[in-house]
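Take a look at this one; I'll ask things after.
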Amino acid sequence: MATQAPANHTPDRQRTVEEKMEKQKAIDDWLPITSSRNAKWWYSTFHNVTAMVGAGMLGLPYAMAELGWGPGVAVLVLSWIITLYTLWQMVEMHEMIPGKRFDRYHEMAQQAFGEKLGLYIVVPQQLIVEVGVSIVYMVTGGKSLQMFHDTVCSSCNKIKTSYFIMIFASVHFVLSHLPNFNSIAGVSLAAAVVSLSYYTIAWTASLHKGVQPNVQYGYREKSTAGMVFNFFSALGDVAFAHGGHHVVLEIQATIPSTPEKPSKGPMWRGVVIAYIIVALCYFPVALIGYWIFGNSVENNILISLEKPAWLIALANMFVVVHVIGSYQISAMPMFDMIETVLVEKLHFKCTRTLRFIVRNIYVAFTVFVASTFPFFDGLLSFFGGFAFAATTYFLPCMMWLAIKKPRRFGLSWWTNWICIVIGLLLMVLAPMGALRQIIIQAKTSILLLDCVCLYLMFTLRGLRHVGCSSYC
């Protein structure tokens with residue numbers, strides 16, 4: 001008896017594949033990173049400036065005071081060169097496979113390290129960076145509003161910092177509902193312009209003030225331990241200053257690309273101009289601020305300037321505008337990550353209601369943490385060392401070695417390994433100095449000390465041996 005030939009299921013299988021592709025395209029067209037790809041090259045410039053230049057960098061003269069002239073200048077220049085190099089690598093790798101774009105940091109890590117390991121390596125780092133930066137910017141915006149209020153109305157009653165943080169947050173409950181990365185281009189442009197403005201105010205006003213009487217350039221701390229730990233902490237501040245790599249692939253994802261004109265061309269052009277602007281911001285403020293005030297400089301140079309009041313008030317309002325844009329740049333990849341999980345893994349529908357709820361909850365969470373812990377911006381050096389060192393200094397190099405596979409012991413191979421070693425040292429040393437400073441500054445806070453205790457005990461002995469109280 002002849003056997004019947006099996007039915008041909010190829011059309012059904014092809015129909016299933018087409019349906020999946022159509023569904024994925026609908027999701028991509030809704031998600032904030034991939035929904036719009038019509039950005040111009042100059043979008044890359046002001047997005048990168050907004051992402052990198054932060055109000056916390058007004059503390060660079062303070063970092064210089066902890067590093068000293070020679071090491072300080074060397075660290076600033078070396079960080080600028082290394083981070084420009086690692087950013088170039090990420091721009092080059094964005095479309096390293098023909099027909100495919102790595103629109104998110106974790107997608108490139110999955111290509112380099114494997115589907116699961118890439119997620120485990122990058123996603124925690126990105127979460128720490130983006131959520132931490134959002135909270136820091138929330139605190140910075142609130143404190144800058146407070147400084148503006150106190151400067152223009154010195155006789156008014158003092159208002160708590162947490163109230164100003166809530167006022168600052170009210171803007172984000174509106175702006176966070178802009179649908180995608182390109183829709184915040186205007187906000188980002190305004191932020192980039194005012195960032196250059198208030199940095200210019202900071203160093204020109206310092207020059208006008210002149211070198212202070214009895215200025216000293218020695219280290220503040222007299223003990224060897226104090227000098228060493230402050231040095232480590234300052235390394236974290238500098239790392240934070242150059243940390244915009246966590247959104248660079250997402251920025252490049254908004255630029256159109258064809259085989260004839262890949263996105264890396266316009267993206268790199270924008271990056272180069274952005275880094276020139278960054279240099280014009282960082283180097284004058286850091287070097288002139290330290291030269292004028294020496295080791296007595298405050299952790300925010302605008303506080304050291306004091307007068308004229310109108311100029312300080314204007315600079316603080318510029319800081320507020322800039323931090324509004326910086327918050328949105330850092331929050332957009334988080335929105336994309338959360339919404340991707342909800343629609344792809346948990347199968348929620350791509351609706352405005354879902355987006356409205358998700359983004360309001362995220363903004364509410366960051367304002368809650370910022371209001372509860374208004375000293376959170378003191379964690380700049382901790383985040384700079386622990387998280388930014390990874391995403392900025394050595395993960396791009398590790399991915400380059402894994403994907404591009406340069407010739408062993410060649411120039412590219414040695415360059416990347418040197419960057420990896422520097423980044424790992426930064427990741428280990430900077431948080432050590434930062435934790436010491438946090439403990440000293442908040443030694444009266446039982447809550448913070450208990451959290452630090454819990455962190456250290458968990459790290460050294462394991463969770464089952466933790467003996468701290470339940471404050472954390």
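The structure displayed is predicted, hence computed values, not measured ones. Atom set for the values below is all heavy atoms of this structure, side chains included, hydrogens, waters and symmetry mates excluded. We're numbering straight along the sequence, starting at 1.
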Can you confirm whether or not the ring centre of Tyr275 sits under 6.0 Å from the ring centre of Trp80? yes
Whether the Asn180 and Ser36 side chains hold a donor-acceptor pair (N or O, under 3.5 Å, no angle test) is what I'd like checked.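 The criterion, which ignores hydrogens and geometry beyond distance, is not satisfied for Ser36 and Asn180.
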Out of Val75, Asp237, Val73, Asn295, which one pairs with Met64 under the side chain to side chain contact (heavy atoms under 4.5 Å, CB included) rule?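 Going through Val75, Asp237, Val73, Asn295 one by one, the side chain to side chain contact (heavy atoms under 4.5 Å, CB included) with Met64 is satisfied by Val73 alone.
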Could you go through Lys264 and His94, starting from their C-alpha distance and side-chain angles, then the distance that decides it, and tell me whether this counts as side-chain contact (heavy atoms from CB on, under 4.5 Å)? CA-CA 8 Å; Lys264 66 181 182 181; His94 178 77; over 6 Å; no
OG/Ser257 to CD/Gln252 distance, rounded to the nearest 0.5 angstrom?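 So the gap between those two atoms works out to 8.0 Å.
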Separation of Glu92 CD from Leu87 CG (nearest 0.5 Å): 11.0 Å
Report yes or no: do Glu95 and Ser263 form a side-chain donor-acceptor pair below 3.5 Å?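 Side-chain D/A pair, Glu95 to Ser263: present.
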Can any side-chain N or O of Ser79 pair as donor or acceptor with the backbone N or O of Leu76 at less than 3.5 Å? no
Passes side-chain hydrogen bond (donor to acceptor under 3.5 Å, both in side chains), Ser134 versus Tyr362? Steps please. CA-CA 10 Å; Ser134 295; Tyr362 181 80; 2.9 Å; yes
Is Tyr219 reaching over with its side chain to a backbone N or O of Leu67, donor-acceptor style, under 3.5 angstrom? yes
Got a second to check how far Ile324's CD1 is from Ser144's OG, nearest 0.5 Å? 10.5 Å
Interatomic spacing from CZ in Phe335 to OG1 in Thr340 - rounded to 0.5 Å: 13.0 Å
Heavy atoms, side chains only, cut-off 4.5 Å: are His246 and Gln125 in contact? no
Is the closest basic N to carboxylate O distance between Asp103 and Arg37 below 4.0 Å?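 Yes.
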After noting the C-alpha distance and the side-chain angles of Thr45 and Val271, does the key distance pass the side-chain contact (heavy atoms from CB on, under 4.5 Å) rule? CA-CA 6 Å; Thr45 297; Val271 165; over 6 Å; no
Walk me through whether Leu401 and Ile420 qualify under side-chain contact (heavy atoms from CB on, under 4.5 Å). CA-CA 11 Å; Leu401 292 174; Ile420 290 170; 3.8 Å; yes
Counting heavy atoms not belonging to Lys261, are there more than 12 under 6.0 Å from its NZ?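 Counting neighbours around NZ of Lys261, 12 or fewer heavy atoms of other residues, nucleotides or ligands fall under 6.0 Å, so no.
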So does Thr391 get a backbone contact from the side chain of Tyr105, meaning a donor-acceptor N/O pair under 3.5 Å?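 Looks like yes, one N/O pair under 3.5 Å.
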Closest heavy-atom pair and its distance - Phe348, Leu354: CB-CD2, 3.9 Å
Tell me, do Met267 and Val248 make a side-chain contact under 4.5 Å, heavy atoms counted?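 SC-SC contact between Met267 and Val248 confirmed.
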Please tell me if the side chains of Phe113 and Met399 come closer than 4.5 Å, counting only heavy atoms from C-beta onward.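 Answer yes - side chains close enough.
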Nearest heavy-atom approach of Ala253 to Ile33 is CB-CG2, 3.8 Å
What distance do Glu344 atom CD and Glu339 atom CD have between them, rounded to the nearest 0.5 Å?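 Nearest 0.5 Å value for the CD-CD distance: 11.5 Å.
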Among Tyr85, Phe394, Trp417, Trp88, find the one that has a ring-ring contact (aromatic ring centres under 6.0 Å, His included) with Trp400. Trp88
Is any side-chain heavy atom of Val215 closer than 4.5 Å to a side-chain heavy atom of Phe293? no
Side chain Asp336, main chain Met332, donor-acceptor under 3.5 Å: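 Flag not set: sc Asp336 to bb Met332 has no pair under 3.5 Å.
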Leu207 and Trp291: CA distance, side-chain angles, deciding distance, side-chain contact (heavy atoms from CB on, under 4.5 Å) verdict: CA-CA 9 Å; Leu207 273 180; Trp291 174 49; 3.6 Å; yes
Can you see which heavy atom on Ala169 is nearest to which on Met138, and at what distance?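 Residues Ala169 and Met138, closest heavy atoms: CB-SD, 3.7 Å.
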Verify, without hydrogens or angle tests, whether Thr254 (side chain) and Ile251 (backbone) share a donor-acceptor contact under 3.5 angstrom. yes
Between His172 and Gln328, is any side-chain donor less than 3.5 angstrom from a side-chain acceptor? yes
Looking just at side-chain N and O atoms, do Thr86 and His245 make a donor-acceptor pair shorter than 3.5 Å?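 Checked: Thr86/His245 side chains pair up, N/O donor to acceptor below 3.5 Å.
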Under a 4.0 Å threshold between the charged nitrogen and the carboxylate oxygen, would Arg101 count as salt-bridged to Glu107? no
Decide if atom OH of Tyr217 counts as having more than 12 heavy atoms of other residues, nucleotides or ligands within a radius under 6.0 Å.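 Counting other residues, nucleotides and ligands, OH of Tyr217 exceeds 12 neighbours.
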Should Gln89 and Asn416 be marked as a side-chain hydrogen bond (donor to acceptor under 3.5 Å, both in side chains) after you check the CA-CA gap, both sets of side-chain angles, and the distance that decides it? CA-CA 10 Å; Gln89 289 180 310; Asn416 282 283; 2.5 Å; yes
Would Tyr137 and Thr366 count as having a side-chain donor-acceptor pair, cut-off 3.5 Å?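 Thr366 and Tyr137 do not have a side-chain donor-acceptor pair below 3.5 Å.
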Can you confirm whether Arg355 sits close enough to Pro32 that some side-chain heavy atom of one is under 4.5 Å from a side-chain heavy atom of the other?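 SC-SC contact between Arg355 and Pro32 confirmed.
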Ring of Tyr120, cation from Lys116 - is the NZ or CZ under 6.0 Å from the centre and inside 45° of the axis? no
What pairs of residues pass the ring pair (Phe, Tyr, Trp, His ring centres under 6.0 Å) test when at least one of them lies in residues 21-47, not counting sequence neighbours? Tyr43-Phe46, His47-Phe181
Exercise: identify the closest heavy-atom pair between Met93 and Ile403: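 Met93 and Ile403 have their closest heavy atoms at SD-CD1, 4.2 Å.
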Shortest non-hydrogen separation from Asn48 to Ala274 and the atoms involved: CB-CB, 3.8 Å
Is any side-chain heavy atom of Phe102 closer than 4.5 Å to a side-chain heavy atom of Met96? yes
How about Val247 and Ser330: do any of their side-chain heavy atoms sit closer than 4.5 Å?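 No, their side chains stay 4.5 Å or more apart.
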Trp69, CH2 atom: more than 12 neighbouring heavy atoms under 6.0 Å: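 Atom CH2 in Trp69 is crowded, with more than 12 foreign heavy atoms closer than 6.0 Å.
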Would you say the side-chain atoms of Thr50 and Ser326 include a donor-acceptor pair closer than 3.5 Å? no
Check: Ile184 and Leu175 side chains under 4.5 Å, non-hydrogen atoms: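 No, every pair of side-chain atoms sits at 4.5 Å or beyond.
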Distance-minimising heavy-atom pair for Pro179 and Arg359: O-NH2, 3.3 Å
Is the backbone of Phe229 close enough, under 3.5 Å, to the side chain of Ser233 for a donor and an acceptor to pair up by distance? no
Give, for atom OG of Ser44 and atom CZ of Arg269, the distance between the pair rounded to the nearest 0.5 Å.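 Between Ser44 OG and Arg269 CZ, I get 10.0 Å after rounding to 0.5 Å.
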